[in-house]
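First comes the structure, then the notes that go with it.
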Amino acid sequence: MDLTFTEDEQAFRETVRRFLADELPQDLARKTEGGWHLEKEDVARWNRILHAKGWSAPAWPEEYGGTGWSPVQRYIFNEECADAWAPILSPFGLSMVGPVIYTFGSDEQKAKYLPPILSGETFWCQGYSEPGSGSDLASLKTRAVRDGGDYVVNGHKIWTTQAHWADMMFCLVRTDTEGKPQQGISFLLIDMTSPGIQVKPIITIDGSHSVNEVFFDDVRVPVENLIGQEGMGWTYAKFLLGHERTLIAGVSVSKKRIAQLKRIAGAERQNGASLLEDTSFRNRVAEAEISLQALEMTSLRSLASENAGKGPGPESSILKIRGSELQQTISGLLVEAVGYYAGPYELERFEDGWNEEPIGPDYAQGSMAMHLYGRASTIYGGSNEIQRNVIAKMILGL
Amino acid sequence: MDLAFTAEERAFQEDVRSFIRDNLPDDIRHKVETGKTVEKDDYVRWQRILNGRGWLVPNWPTEYGGPGWTAAQKYIFATELGASPSPRLIPFGTSMVGPVIYTFGNAEQKAHYLPRILSSEDWWCQGYSEPGAGSDLASLKTRAVRDGDHYVVNGSKTWTTLAQYADMMFCLVRTDSEVKPQQGISFILIDMNSPGIDVRPIVTIDGGREINTVFLDDVRVPAENLIGEEGKGWTYAKFLLGHERMNIAGVPTSKRKIADIKDIARAEADGAGGALMDDMTFRRKLAETEIKLQALEYAELRMLAAESAGKAPGAEASLLKIRGTEVQQAITELTMEAVGYYANPYVAESFQAGWNEDPIGPAYAGPAAPVYFNWRKSSIYGGSNEIQRNIIAKMVLGL
Amino acid sequence: MDFNFTSEQQLLQESVERFIQDEYDFDTRRKLAGSDDGFSRDNWAKFAELGWLGVSFSEDDGGFGGGPVDTMIVMEAFGKGLVTEPYLPTVVLAGGLVSRHGSDAQKADIIPRIVEGELMMAFAFAEPHGRFNLADLHTTATADGGGYVISGHKAVVYGAACAGKIIVSARTGGDVRDSDGVSLFIVDGDADGLSRRDYRTVDGLRASEVTLDNVRVGADAVLGPVGGALPLIEEAIDYGTVAVCAEAVGAMKVLHDATHEYLKTRQQFGQPIGKFQVLQHRMVDMFINYEEAKSMALMATLRVDDEPAVRAQAVSAAKVQIGKSGRFVGQESVQLHGGMGMTDELNVGSYFKRLTMIEVLFGNTDYHLNKYAAA
């Protein structure tokens with residue numbers, strides 16, 4: 001038993017680090033560090049750079065364009081990317097629909113969709129939640145009715161992140177209303193430029209536009225856009241949820257944020273000393289740091305088990321819950337750290353080309369934006385309540 | 001809106017305060033202050049002193065012996081009593097079965113039992129929970145079968161506090177198993193000296209011996225010991241649960257204990273040349289608990305005001321129970337933390353009144369851990385805090 | 001990165017776990033805790049026979065050459081059985097100090113006898129007014145002739161009553177709380193001038209107040225550098241802390257499983273109480289806390305041989321997590337067991353009490369949080 005990385009792994013880390021130092025555009029790193037929402041082109045640019053190196057989808061099998069790295073190497077890669085403030089790539093193609101396509105898709109679907117996902121040429125979005133189907137996703141009502149060589153889709157999806165950027169949507173639709181709700185669901189790929197699709201923005205509490213409502217009015221989708229079999233959509237969706245669990249905790253990014261928090265708290269003054277010298281504040285930062293260590297060790301245990309080919313153990317189920325809670329704790333501390341200057345809030349600041357002096361320290365506004373938008377992390381991707389239900393049922397058998 | 005008491009109320013407060021100061025026996029006060037076991041005789045003596053002044057049952061109507069106080073007076077009395085190092089008043093007679101008897105009992109029952117509660121001649125215990133019926137109390141199985149002018153009772157009751165001292169038990173029994181569970185329950189009064197009763201102690205994790213299991217084997221109970229109607233026991237039990245909300249939160253006692261923690265934290269070293277009271281981390285936790293207690297106090301005062309204005313109190317009392325017990329538990333945790341390593345020595349005999357050896361470590365350290373362990377019960381008993389939250393969800397929030 | 005046990009470690013784990021399962025059930029433990037010694041000398045002989053007492057000592061000193069992971073394996077299993085035998089004071093604390101810093105003569109005298117089960121030891125490091133500060137010492141050792149005269153009062157010394165030798169920290173110089181001037185002495189348990197007040201502890205173990213009144217020892221009783229022993233003490237306490245973290249993980253596992261089982265079997269309102277979502281989520285939070293504690297105990301075990309600054313940070317982080325998780329798991333186990341959780345008859349209370357005292361031992365959560373944050 002030991003916690004050290006092998007020489008090969010350390011050499012790998014060096015390679016990644018050098019690549020990032022050479023290739024990561026500094027303007028993107030600054031935006032990421034500042035907690036800004038990135039533009040589509042920012043994400044696409046970084047995706048292209050990674051793709052040129054062959055690193056845009058480390059977890060994919062090599063035959064589809066993956067790197068062939070071990071789970072430990074992927075972990076190191078992730079850590080280094082976070083450490084350099086690299087932007088997070090859009091997960092909908094690379095981490096979500098990609099694996100579904102190469103696992104359940106036909107040869108034609110693989111050939112058509114995987115390459116532009118790798119290169120960042122097509123952006124995807126996820127059509128899961130509906131106004132009446134949140135935690136109870138299986139109750140979804142968007143209908144797809146077969147009509148000749150097409151499905152005709154009618155319905156309404158919501159909380160669709162990046163739908164306004166997306167070329168394609170992977171979508172859960174109801175193809176059968178008989179039998180158990182889960183059994184009537186199919187997994188469809190929908191071209192977002194199809195007639196009858198309307199995307200309406202939802203502005204979130206941080207003032208940003210990331211999520212949307214998507215309306216479908218007699219949208220015709222070719223039958224060849226069905227993944228796998230009709231009625232098996234729920235199975236594919238569950239496969240997707242179980243994918244890449246060890247990275248879901250966001251340990252590396254949280255580590256980086258804690259370092260940022262300490263820097264900020266070290267710069268903030270109170271009673272003639274830095275905020276970091278305040279025992280109460282300092283101890284709360286320390287508590288977050290210790291929780292993060294526990295999360296990291298739990299991730300590593302899970303990773304080691306995956307590395308050994310055993311698949312993630314039961315401990316991996318806690319990663320989403322604790323990971324998201326911790327992100328919120330840290331962003332809450334960031335906001336506390338900036339004091340009164342958490343208040344001023346000018347959305348224009350986040351736009352390219354804004355050149356005025358910030359009000360208060362320049363780190364203040366991003367902290368608040370992150371804090372507000374970060375409240376979503378315990379809600380999305382299966383709320384933490386649903387996660388606890390899943391553990392109670394699947395792991396504890398209650 | 002005014003937070004201040006009137007001049008009369010302040011005078012009353014002074015009255016109560018000086019009465020307690022002058023009449024609480026020193027030996028009893030000493031036991032309470034040092035965490036020694038309070039014996040039956042101590043409880044009875046103190047109750048008789050209060051009764052002598054007419055103050056034992058503040059909530060009873062005057063015709064049955066209550067003092068006829070206003071809501072504010074009752075509050076003041078409870079506050080002063082809780083803040084003093086006096087033994088808690090055993091609630092089973094005065095706060096629980098007494099009100100049931102004067103509300104639902106017949107004239108004979110009132111004439112017989114109420115004076116004996118006032119004089120502490122009868123010590124009561126509560127026969128509710130059973131091994132299989134805890135949170136789901138209505139599933140209780142102890143049967144009472146009518147046989148001539150008696151009921152014959154068979155079953156077992158558990159978690160029966162101080163049953164070893166009891167002369168009487170008020171007991172929920174099943175008299176009908178054909179109807180809905182709640183409708184087949186009756187409320188009867190059982191003489192604990194009846195043949196067929198066996199009281200066995202349950203030792204708790206702190207080493208305490210306050211609770212018991214009571215086995216009832218063909219116990220014959222005169223039919224006249226039934227309260228009200230057969231099958232109405234659930235109604236009387238619910239009435240009883242809703243009664244005597246006052247002081248359910250234990251605010252005055254918690255205040256006194258926070259003052260004790262401060263004394264301890266001033267006496268304990270912080271390991272850096274100062275006192276534990278100088279330690280920011282400890283102080284912060286203490287302050288948080290104190291603020292929680294203040295919020296609780298004002299919640300109680302708001303309910304008191306509503307009650308004085310004639311609004312019947314509702315399920316909000318569950319809030320007082322939840323937060324009250326949480327604060328009590330936080331206080332026992334802080335006390336235990338404050339004494340450091342000396343939480344650990346456990347000398348069972350040291351809790352007896354006659355123990356004269358030097359304590360191990362400071363005298364205040366001895367009870368710290370046992371009290372902490374003992375108070376874990378408070379979020380379980382009297383309707384667990386989970387059940388209390390269910391009540392708020394259902395009755396207050398309509399969920 | 002490797003989280004696998006070696007085959008020797010697997011065998012060790014199997015043998016200790018089997019012993020706990022077969023020969024250390026809760027009633028046996030209860031009887032042992034209530035006996036005169038508070039533990040079984042037969043068990044101690046068995047530990048020696050099975051090699052557990054020597055597992056962490058080097059082969060040169062007469063041990064079996066294991067390391068912190070082996071100690072973790074033993075302590076985690078002992079936590080599951082709430083073992084009362086004085087393994088922590090004898091092997092982990094005192095034995096560890098001698099093996100790391102003893103003279104050749106001290107090692108030759110002591111380690112083989114520990115390994116054989118002939119010698120039990122204790123470590124008297126705490127004092128009544130020092131709280132968790134290891135340098136806050138009023139006990140003094142004054143050079144006299146070729147040796148030292150020691151006087152003072154050591155607090156809550158686990159395992160002192162059965163100890164043939166007690167390692168005592170005392171001041172040979174400096175002021176109370178100075179880093180310099182702290183020394184360690186190996187004192188015979190029956191030395192003239194040493195007296196004990198023995199007592200039971202709330203978690204079912206035995207400890208003593210140890211008073212030294214002009215106890216004379218020779219120069220050969222000094223362990224480590226005169227006046228420079230504080231780093232040794234800190235290191236020993238860190239090793240002890242890592243060991244009790246593992247013990248706590250074992251204890252939490254038992255509470256987790258017992259509560260889990262209770263939720264599945266206890267019926268109220270016509271169904272197992274584990275069907276209520278409120279209680280399911282509480283159980284999930286116990287599960288999360290247990291997994292976090294296990295991760296951190298492992299982390300500290302794998303870091304305890306590192307340089308002092310890294311070691312101390314890792315140990316404090318682990319102790320904070322174990323303190324919080326242990327309190328949560330302990331309290332919730334009692335709560336979810338309802339009245340049964342309050343009874344002395346059920347094992348839950350005993351595990352809860354041990355976890356509570358582990359939180360205090362070697363510095364409580366606040367102490368370690370402050371230490372971690374200030375570093």
Side-chain angles (χ1 to χ4, degrees), chain A residues 1-6 9 70-72 75-76 262 276-305 307-308 310 313-319 321-322 325 384-385 387-398, chain C residues 1-6 9 67-70 72 256 260 263-264 272-277 279-303 305-306 313-314 316-322 324-325 365-366 368-375:
Chain A
M1 267 202 167
D2 74 273
L3 282 175
T4 53
F5 292 101
T6 65
E9 285 162 352
S70 68
V72 173
Y75 191 83
I76 292 171
K262 284 183 176 173
L276 213 47
E277 289 162 86
D278 175 277
T279 309
S280 295
F281 192 82
R282 186 195 70 186
N283 283 4
R284 286 162 65 210
V285 174
E287 274 186 286
E289 206 172 339
I290 290 168
S291 286
L292 183 59
Q293 269 185 49
L295 186 66
E296 180 178 28
M297 275 305 291
T298 308
S299 300
L300 290 174
R301 282 170 55 207
S302 178
L303 190 71
S305 156
N307 232 16
K310 284 187 276 193
E315 71 281 349
S316 66
S317 60
I318 80 175
L319 299 179
I321 294 176
R322 275 296 195 252
E325 288 174 353
N384 285 13
E385 290 71 30
Q387 300 290 339
R388 283 182 167 84
N389 285 353
V390 169
I391 297 178
K393 198 169 158 189
M394 306 302 285
I395 292 174
L396 301 172
L398 293 175
Chain C
M1 199 164 9
D2 173 17
F3 288 89
N4 293 312
F5 289 143
T6 63
Q9 287 167 342
V69 173
D70 302 79
M72 176 187 82
H256 172 279
H260 186 204
L263 289 183
K264 285 180 161 180
I273 57 174
K275 290 289 170 207
F276 296 106
Q277 194 182 35
L279 303 190
Q280 287 178 357
H281 286 198
R282 301 270 287 272
M283 186 68 222
V284 169
D285 286 334
M286 281 178 69
F287 168 77
I288 293 175
N289 269 277
Y290 163 72
E291 288 292 345
E292 288 181 304
K294 192 176 163 98
S295 291
M296 290 301 267
L298 192 58
M299 185 277 298
T301 301
L302 298 175
R303 291 259 186 261
D305 282 340
D306 284 1
Q313 278 298 82
S316 284
K319 189 66 173 23
V320 168
Q321 181 69 57
I322 263 74
K324 286 184 180 179
S325 285
T365 303
D366 283 352
H368 279 283
L369 184 63
N370 279 324
K371 191 164 171 245
Y372 179 94

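These figures come from a predicted structure and were not determined experimentally. We name chains A, B, ... by the order of the sequence lines, and we start the count at 1 in each one.
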Next on the checklist: Which heavy atom of A/Arg282 sits nearest to which heavy atom of C/Ala374, and what is that distance?
Outcome noted: NH1-CB, 3.8 Å
Next on the checklist: Can you tell me which of C/Glu291, C/Gln321, C/Lys324 forms the most heavy-atom pairs within a distance under 4.5 Å of chain A?
Outcome noted: C/Glu291
Next on the checklist: Run A/Leu396 and C/His256 through side chain to side chain contact (heavy atoms under 4.5 Å, CB included) and show every step you take.
Outcome noted: CA-CA 11 Å; A/Leu396 301 172; C/His256 172 279; 4.0 Å; yes
Next on the checklist: Counting heavy-atom pairs closer than 4.5 Å to chain A, which one of C/Arg303, C/Lys275, C/Gln313 comes out on top?
Outcome noted: C/Arg303
Next on the checklist: For the CZ atom of A/Arg322 and the CG atom of C/Asp285, what is their distance to the nearest 0.5 Å?
Outcome noted: 6.5 Å
Item to check | Proximal component of A/Ile321, with respect to chain C [non-hydrogen, under 4.5 Å] | outcome: side chain
Checklist entry - Does any heavy atom of chain C fall under 4.5 Å from the side chain of A/Gln387, the backbone, both, or neither of them? => result neither
Checklist outcome for this item: Ranked by heavy-atom pairs below 4.5 Å to chain C, first place among A/Thr279, A/Asn389, A/Thr6 goes to A/Asn389
Checklist entry - Between A/Val72, A/Asn283, A/Ile391, which has the largest tally of heavy atom pairs under 4.5 Å with chain C? => result A/Asn283
Next on the checklist: Below 4.5 Å, heavy-atom pairs only: which of C/His281, C/Gln277, C/Met283, C/Gln280 has the largest tally toward chain A?
Outcome noted: C/His281
Checklist entry - Looking only at heavy atoms, what is the nearest atom pair of A/Arg301 and C/Ser295, with distance? => result NH1-OG, 2.9 Å
Next on the checklist: Is there a side chain to side chain contact (heavy atoms under 4.5 Å, CB included) between C/Phe3 and A/Asp2? Walk through the geometry before answering.
Outcome noted: CA-CA 7 Å; C/Phe3 288 89; A/Asp2 74 273; over 6 Å; no
Item to check | Note: C/Lys294-A/Glu315 ion pair, threshold 4.0 Å (strictly below) | outcome: no
Checklist outcome for this item: CD1 of A/Ile290 to CD of C/Glu292, rounded to nearest 0.5 Å, is 11.5 Å
Checklist outcome for this item: When the 4.5 angstrom heavy-atom criterion is applied to A/Thr4 and chain C, the contacting part is backbone
Next on the checklist: For the interface with chain A, which of C/Ala317, C/Ala314, C/Gly274 has the highest count of heavy-atom pairs at distances below 4.5 Å?
Outcome noted: C/Ala317
